[in-house]
Amino acid sequence: PLMQDEFVRPGRRLAPHDAVPRLAPAAAQNAGADLGKLERAVLDLVQAGFPVGRMLEVIPEPDPLIHGALDALVEAGLVRL
């Protein structure tokens with residue numbers, strides 16, 4: 001998976017709850033990227049147009065892990081905030 005086993009990186013800014021992430025153009029090219037279950041769930045919700053706050057409500061994982069998965073997708077060039 002793209003995501004590291006860390007909860008919070010020093011200096012990391014969390015995405016605002018009302019932010020609506022979008023798929024990056026590279027997402028179609030990298031559809032076969034090595035995604036974990038959580039990253040795939042976040043990517044699915046990004047494709048559906050969910051804001052960050054709604055993702056935090058519907059994914060049954062701790063918020064820091066969801067933010068970490070979203071960060072990993074942004075760093076991989078799959079998602080834009």
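For this chain, numbers begin at 1 and follow the sequence in order. Heavy-atom basis, side chains included; hydrogens, waters and symmetry copies ignored.
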Evaluate the side-chain contact (heavy atoms from CB on, under 4.5 Å) criterion for residues L23 and R80: first the C-alpha distance (whole Å), next the side-chain angles of each, then the deciding distance (0.1 Å), finally the verdict.
CA-CA 6 Å; L23 284 181; R80 290 184 179 168; over 6 Å; no
Spacing of L38 atom CG and E61 atom CD [to the nearest 0.5 Å]:
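If I round to the nearest 0.5 Å, the distance is 5.5 Å.
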Spacing of D71 atom CG and I66 atom CD1 [to the nearest 0.5 Å]:
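Output value for this atom pair is 12.0 Å.
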Stepwise, does the side-chain contact (heavy atoms from CB on, under 4.5 Å) test hold for Q47 with L45?
CA-CA 5 Å; Q47 289 176 310; L45 295 180; over 6 Å; no
Which atoms form the tightest heavy-atom contact between G77 and A24, and what is the distance?
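Heavy-atom minimum between the residues: O-CB, 3.1 Å.
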Taking C-beta and beyond as the side chain, do [X] and [Y] meet within less than 4.5 Å on heavy atoms?
X   : Y   : result
F50 : V58 : yes
L78 : V46 : no
V79 : P21 : yes
H67 : V52 : yes

Qualifying residue for side-chain contact (heavy atoms from CB on, under 4.5 Å) with L70, from L56, L43, V42:
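Filter result, single survivor: V42.
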Which residues satisfy the salt bridge (Lys or Arg N to Asp or Glu O under 4.0 Å) test with R54, sequence neighbours excluded?
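Salt bridge (Lys or Arg N to Asp or Glu O under 4.0 Å) list for R54, sorted by chain: E57.
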Under the side-chain contact (heavy atoms from CB on, under 4.5 Å) rule, what do L73 and E39 come out as? Steps first, then yes or no, please.
CA-CA 7 Å; L73 292 169; E39 292 146 339; 4.3 Å; yes
